[in-house]
S.K.: 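Structure in structure tokens, see below.
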Amino acid sequence: MNDKIIFSGIQPSGRLNIGNYIGALSQWPKMQAENNCIFCVVDYHAITVKQDPEELRRRLLEITKTYLAAGIDPEKSIIFRQSDISAHTELAWILNCAGARIADLNKMTQFKDKAGKNQESVSVGLYDYPVLMAADILLYGTEIVPVGEDQKQHVELARDIAKRFNNDYGEVFEIPQAIVKTEGARIMSLLDPMKKMSKSDDNQNNCIALLDDIEEARKKIMRAVTDSEDSIYFDVAEKPALSNLLTIYAQLGNREIKRLEKDYKGKGYGEFKKDLADVVVKFLEDFQAKYNSISDEEALKVLERGKEKAEAIANKKLKEVKELIGIK
Ligand code: AMP
Ligand code: TRP
């Protein structure tokens, strides 16, 4: 893949975990050498559920530094904050009116999961969130959206919205495509392998945050659930917990699952988990060393520069869209 316009984003709504890293973030730096990459901290998405204002401000910098520590190079890629560019919310409104349909939004499984039984009392923003995401993507002529499995449906919606708008008003939007990793696109909770590892989980023993205390992370791995039979092979249907741990091992330790199955033939869960804990700890130590070397000032500067570059692109697209619908 080269010369593509690539866009992705993460919400500053909690501490990023190894699921976010494996499913989404780890793909990004690999793409930046040969493509035009834009990575956004999507703070307007975060406020679809209530956030503590101070915490939100702090997380903005935390995520920006996480992008940098993961290897995104601001000389090669644009890194910016969603709320710095008003074209995002403006285009979202336009798409709400011209492109997005209630029937489409009603199909969104993430909304159903997040709203649970309280569908009537959650914010309108939570329901409309995929339209803002479509605006993020469509403003930049995005061709490729690298995300974890759970975001695929939202990118499909962005495609549908773009096609409908193009059809009704004239060709203005590129049709984007999601790319999802074949392995590791859905890392599961350490204590319940039926649930995805989530940064908004109340029980932080379910997940390993990128900034977790090292010894705490080791304990979490040792406490992770496994399956009954004490032998090590990959089988998501029969051994979901162990298969999840194998995926984490393979992804963070840079080894193939097949290879791990061979290496651990005849060995038990205890030894496997101890080695996995070492792999996770090594990964976290390297990551945190990079993270800690980046100052808040540096992160703010990156966002400022990113804003300038991204805004020019976004405003140009918004102007075209406004002309097509008869506003200005
Ligand atoms: P979110 O935590 O919803 O802001 O997600 C940020 C990015 O991480 C998105 O691309 C998600 O698809 C991805 N992601 C979130 N949780 C996981 C997980 N448990 N496994 C793999 N990818 C994930
Ligand atoms: N909805 C995404 C998530 O929760 C974050 C997001 C917002 C995004 N806008 C985006 C991802 C545009 C990719 C492209 O993970």
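All ligand and atom numbering here is 1-based and tracks the order in the structure. Only this structure's heavy atoms are used, side chains among them; waters, hydrogens and symmetry mates stay out.
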S.K.: Give a yes/no verdict on a cation-pi contact between K317 and Y140, requiring under 6.0 Å between NZ or CZ and the six-membered ring centre and an angle within 45° of the axis.
M.R.: no
S.K.: Where does the angle between the aromatic ring planes of F39 and Y67 fall among parallel (under 30°), tilted (30 to 60°) and perpendicular (over 60°)?
M.R.: perpendicular
S.K.: Give every pair made of an N or O atom of ligand 1 and a protein N or O atom lying under 3.5 Å apart, one pair per line with both atom names and the distance to 0.1 Å, or write 'none'.
M.R.:
unit_1   : atom_1 : unit_2 : atom_2 : d
ligand 1 : 2 (O)  : N20    : ND2    : 2.9
ligand 1 : 2 (O)  : K199   : NZ     : 3.0
ligand 1 : 4 (O)  : K199   : NZ     : 2.8
ligand 1 : 5 (O)  : N20    : ND2    : 3.4
ligand 1 : 8 (O)  : N20    : ND2    : 3.1
ligand 1 : 10 (O) : G148   : N      : 3.0
ligand 1 : 12 (O) : G148   : N      : 2.9
ligand 1 : 12 (O) : G148   : O      : 3.4
ligand 1 : 12 (O) : D150   : OD1    : 2.3
ligand 1 : 16 (N) : K196   : NZ     : 3.4
ligand 1 : 19 (N) : I187   : O      : 2.7
ligand 1 : 19 (N) : M197   : O      : 2.9
ligand 1 : 20 (N) : I187   : N      : 2.7
ligand 1 : 22 (N) : G19    : O      : 3.2

S.K.: For ligand 2, run through the N/O pairs with the protein that fall under 3.5 Å and put one pair on each line.
M.R.:
unit_1   : atom_1 : unit_2 : atom_2 : d
ligand 2 : 1 (N)  : Y129   : OH     : 2.7
ligand 2 : 1 (N)  : Q151   : OE1    : 3.1
ligand 2 : 4 (O)  : Q11    : NE2    : 2.9
ligand 2 : 4 (O)  : Y129   : OH     : 2.6
ligand 2 : 4 (O)  : Q151   : NE2    : 3.4
ligand 2 : 9 (N)  : D136   : OD2    : 2.7
ligand 2 : 15 (O) : Q151   : NE2    : 3.3

S.K.: Quick one about K196 and S189 (side-chain donor to acceptor, distance below 3.5 Å, no hydrogens or angles considered), yes or no?
M.R.: no
S.K.: If we check side-chain hydrogen bond (donor to acceptor under 3.5 Å, both in side chains) with Y129, which of these qualifies: Q11, H45, H154?
M.R.: Q11
S.K.: Is R59 salt-bridged to E55, cutoff N-O under 4.0 Å?
M.R.: yes
S.K.: Between K65 and D296, does any side-chain N to carboxylate O distance fall below 4.0 Å?
M.R.: yes
S.K.: Looking only at side chains, do Y264 and Y249 share a donor and an acceptor under 3.5 Å apart?
M.R.: yes
S.K.: Does atom NZ of K282 have more than 12 heavy-atom neighbours, drawn from other residues, nucleotides or ligands, at distances under 6.0 Å?
M.R.: no
S.K.: For the residue pair K181 and Q251, confirm or rule out a side-chain donor-acceptor distance under 3.5 Å.
M.R.: yes
